[in-house]
Every structure is written in C-alpha cells, then in structure tokens.
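Chain identifiers are assigned alphabetically (A, B, ...) following the order of the sequence lines, protein sequences preceding nucleic acid strands; residue numbering begins at 1 within each chain.
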Amino acid sequence: MTVEASRNQGTSGLTVSGLRLMAGGTTLVEGASFRLRAGELVALLGPNGAGKTTLLRGAVGLAHPAAGQAQVEGEDTAAMTPRRRALQLAYLPQNRPLAWPSPVRDVVALGRFAHGAALGRLRGADRTAVERALAACDLQQLAGRSTATLSGGELARVHCARAFAAEAPLLIADEPVAELDPYHQFRVMDLIRAFVAEGGGALVVLHDLALASRYASRLIWMKAGRIRADGPPAATLTAERLADIYGVRGRIDGTRVEIEGPL
Amino acid sequence: MRTGSAWSVPGTAALMLASLAALFAASLLGSTPLEAERVLAALLGRGTVGDQLVVVHIRLPRSLTAFTVGAALGASGAALQGLLRNPLAEPGVLGVSAMASLAATAALYTGYAAASAWSMPTAAIAGALAGTALIAFAALRTASAVTLILIGVGLSSFAGAAMNLLMSLAPNPFSLADMINWMLGSVANRSFLDLAFAAPFLVAGLCLLFAARRGLSALTLGEEAASGVGLNLRQQRLLVVLGTGLATGAAVALAGVIGFVGIVAPHIVRPMVDHDPARSLLPSALLGGVILVLADIGVRLVPTTSELKLGVVAALIGAPAFIWIAMQRRSVHD
C-alpha cells in the first residue's frame, strides 16, 4: 500500500472489505465491501432480511466478522475498545428503547459517554457539545422534558442529537426515520445532511426510495446478504434495480420514484 | 428545569443527616427508653456501666447493622435495576438473597459456620454470587425482565425448599432456631465483631457498584446503543454481578433475608435524580439504611412477647409496595 493510500484510509472514514457475518451457522452477510468517506451521505437499501442491520453491526464492530474486516483509521472496528470505537463512530441502532423517563438533555448527554461525561455534571467540551446538538436538532425548548412525554418525531430528534453530541466523524444509523410521518422524515434527513455538510460521513438504512434518492450521494443496494450495487442515485436507481432488489414494478424519473406494484 | 441535578447534592446531604438522626433515635428508643443526655454520655464513653452496655454494646451495633444491611440492599437494588433496566429488579425478587440464605443455612447445618468467623460471610457471599451470576447469564439470553423475575421466583422457591429440607433434618432445636433466624431476617444481638467480618465484603461490593455507575446511566439507552456509545458491556455486567453478589451476600450474612428494601428505596429516590441510575446509587443506599433502622425501631417498640423479625416487617411493608409498583408499569416496557 502506498503512503498516499494509507493516509487516505486514515482520513477517509470507514473501509469495509470482504466482510462475512454469521449467526448460528447461517451466513447473513457475504463478501460485503464498501467505503464511507467524510462528506458522504450513503443510503443502504434492500428488502427486509437482506442483512442491512447485520452489515451495520459488523461495520461498527458490534458483530464479529467470520471473514474480512471493517476498519476505521486503519484499525479493525471489532478489535477496538468500545470507547475508542465510539469516538470514531456514532451508532444509532434500530431499536432505541429508553429504560427510564430521563430528561432529554440527559439522553443527549449519554452521547458523550466515551468522552467521560457524567450525567448532571457536564463541563467544558461535554456541555458545549450537548448544547450544540440540542440546538442543531431544535430541542432547546424540550431539554428539561421527560422523554416519556415526547412524540415519536421528537424522540427521533433526541436520538439524532445523542448521536451528534458524540462529535464522532462518522454516523451509522439504522432506519432513523422508521415510523415517522413525512414531515419528520424530512426533518431528520435534513439533520443528517447538515451533519454531512459539516464534514461528517453518514451511512443510513432507509426504506423510502424517494427519500434516499433525494438525500443520498450514494446508494448501496443489498439483497440476500450481498451488496448488489453501489453508486450514485442517477446511476443505480433504475426500474431493473427495483425489480431485482425488491421484486416490484416501478417507474423512475430523475429522483422521482413511483412504485406500481409487485412483479 | 434541572430538578434532578439540583436535588442530588442537598438531597444526599439531607439523607446523610437523616441517617445520623435515625441511628441516634435507635439508641434512644427501646424497651427501656433513655434520655438524649444519657445516650450522648454513653456514646462518648461516660455515663453509667448499664447505660454503656445498653447503648454501645446492644443498641448501637444493632442499629448500625440494620443501617449497613439496608444500605447494601438499597445500592444493590439500584444497581440491578440499572443493569436490567427494570424497577422491579432487586436481590430479594431475583432470588439472590434466598440463594445467599440457603448457603448460610447449609453452613449452619454442616457445622462449617462454626469453623471460623469468616465462614458465614463467605458462604452467604458464595450463594449470592451464584444467584447473581445465574440471573446475569439469563439476562444475556433474554431481554425480557419478566423472564428474569420468573427465574428469580424459581430460584427463591428452590432455595426455600432446600432450606425447609435442611430445617426438617436439623440435628437439634438450637440449629433449627438459628436457621429460622436466617430465613426470617433479623438484626437482634449483633455485635461489632459480626459487622467487622462482613464489612470488607460489603465495602468491596459497594466500591464495585460505584465504579459501575456511569455504565448504568449508559444502559438507559439499551444494551446495543450503550455499547455503541462506548460501554464495555461484559465488564459492566461483571462489575454489577460481583458488586451486588458481595454486598447482598454480606447483608444476608449479617441479617438473613430482608426483602424489598432494594425496591422501595430506589423507587423513592429515582424521580428525584432524573431517573439516572448512577445518581440514584448513593441516595438509595442511604435511604435503604434509614428505612431499615426505622423498621427495626418499630420491631423493638411493638409490645409482643417474642420479638417480631425485621425481615417479616420489611416484607409486610415492602411486598405491597412491590405489587403497587408492578401494577403501575405499562406493558410497553417489556
């Protein structure tokens, strides 16, 4: 590897190569390779059961690969300590149950866990990061509210703010807009786009193709545990792709997607 | 609106004062009430020999034992609730206390308890660790708190049946009476020596729990996200299992099974610390201590021919509280 290439790897985010992930003897993801660089918003698309969540977990090092590797800053994510990993990657899992009716500010402050922040005693950089994240997600008015009293849309913003507060260069989000109304889907995607505009890199699982083509700079298409295509929306979002990946008939017109029904 | 953080420090200070007041009250009250001046004099090493005997050698070790046991159970309950993300988790409910008590009863039965002053604490702690480890292992396989509590019910039933077996096989009425003491829970006739032998385990357990406190906050997000924000889950589980095992084991070695303090104390504290498990640890320990000291004063004041058992009184108050908390829960949390 050249000096140039290794430096690129050091500054350009997440590199996944030949990743195979297994659970209980079943291969869930096979031979997955992709890169996520700073300044990119990548949407991971595919039908239910395609292995998207498994791939994300493997990429962030929460699932140990049977083969291949996922690297950040030249280090295997699966071998990193949780703390080091959290400083590089903010991860929003699909299930985001809150065990206690904690105030919004405390939940956002948990994003600073890897920095050593303790709830109720935020200081210096931790306090600044939490206030910035609250402001970015328009949550200042709700900062003292109990999360038990929030709507689904408000809660989604709280989780985004929690991820942004970490100030990690990369964001990996599993269905961040699931179960949100269209308005809140746009709001959350706007927040992620703003994060990318400030130099972050985001990998986001989406089910809404129109949303993906509107926001993402690249689409990664998955089916049956394998990556089938990886490229900008203009190149990879086609009627044939919809048929191949989802088994649906659709019409594509620029970034407009119309699904007509099953094949 | 920072009620929790605003409360945390003065609230803890107030609980410390309340602890001292409760311990002092426990020295005043009893079958023969003493005036404050006589108690103070006895505590300072003056006063009559009789007063010193009552205050320093009978009432003080007894109330300190009640406080220590309450503190251990309060902190253990708060920590288990944080780890399992469920307000109904507690050493008693999860069968940890029963396992510790079974080990203590077995130590009495086999005569191992008489071998050394360390026998009783180590046996109880071994039982508690076995129970906690089993629960933590089960928690790896299921996200459902209901399953864990059912396992706790199973553990308690098993330990209860095994203790009944040991009791029916008891070689003489004296060991039978000893065993009943462990089963029912009592702090009567404890000495500073008993406290001293349980103290190292208790302090070690509380230190481990305190070291785990920030991780307990992170677990508010669920295990997957907590791991994502940088928590080492395996280490966190180990800390809490060892910490609650040591603290609960030491508490059972001192006083037998005393249930529900570990639920009631954190339940009262939690809303005042913004539901943060980390900030609830210390106040839950203090409040648990105060509750047991007050309950023990009650036990001593109730005019019955044979003294009530502290564990019985704690369960009479605590079990209805447990049922009430369980009924307040919305099913969506499981």
Practice task
Using non-hydrogen atoms and a 4.5 Å limit, figure out which bit of B:Ala278 sits close to chain A: side chain, backbone, both or neither.
Solution key: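 Neither part, no heavy atoms under 4.5 Å.
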Handout entry: chain A contact via B:Asn232 - side chain, backbone, both or neither, heavy atoms under 4.5 Å
Key =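 For B:Asn232, the contact with chain A is made by backbone and side chain together.
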For the student: nearest non-hydrogen atoms of [X] and [Y], plus distance:
{"X": "A:Leu119", "Y": "B:Ser217", "result": "CD1-CB, 3.8 Å"}
{"X": "A:Trp100", "Y": "B:Pro277", "result": "NE1-CG, 3.6 Å"}
{"X": "B:Ala225", "Y": "A:Arg162", "result": "CB-NH2, 3.6 Å"}
{"X": "B:Gly228", "Y": "A:Ala86", "result": "O-CB, 3.4 Å"}

Exercise for the section: State the OG1-CZ distance between B:Thr220 and A:Phe113, to the nearest 0.5 angstrom. Expected result: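 If I round to the nearest 0.5 Å, the distance is 10.5 Å.
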Exercise for the section: Any chance you could measure B:Leu221, atom CG, to A:Leu92, atom CG, to the nearest 0.5 Å? Expected result: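 If I round to the nearest 0.5 Å, the distance is 9.5 Å.
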Practice task
May I ask you to decide if B:Gly230's main-chain N or O and A:Arg85's side chain share a donor-acceptor pair within less than 3.5 Å?
Solution key: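 A pair under 3.5 Å: no.
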Note, [X] side chain near [Y] side chain (heavy atom, < 4.5 Å):
{"X": "B:Arg85", "Y": "A:Leu98", "answer": "no"}
{"X": "B:Glu224", "Y": "A:Arg57", "answer": "yes"}
{"X": "B:Ser227", "Y": "A:Leu62", "answer": "yes"}

Exercise for the section: Can you establish whether the number of heavy atoms outside A:Glu179 located under 6.0 Å from its atom CD is more than 12? Expected result: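 Open: at most 12 neighbouring heavy atoms sit under 6.0 Å from CD of A:Glu179.
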Problem - Heavy atoms of other groups near A:Arg84 CZ, more than 12 under 6.0 Å - result: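 Atom CZ in A:Arg84 is not crowded, with 12 or fewer foreign heavy atoms closer than 6.0 Å.
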Exercise for the section: Heavy atoms only, distances under 4.5 angstrom: which of A:Gly116, A:Ala109, A:Ala90 has the most pairs with chain B? Name it, please. Expected result: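 Heavy-atom pair counts peak at A:Gly116.
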Problem - A:Ile172 portion near chain B, given a 4.5 angstrom heavy-atom threshold - result: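 Answer is neither: A:Ile172 stays 4.5 Å or more from chain B.
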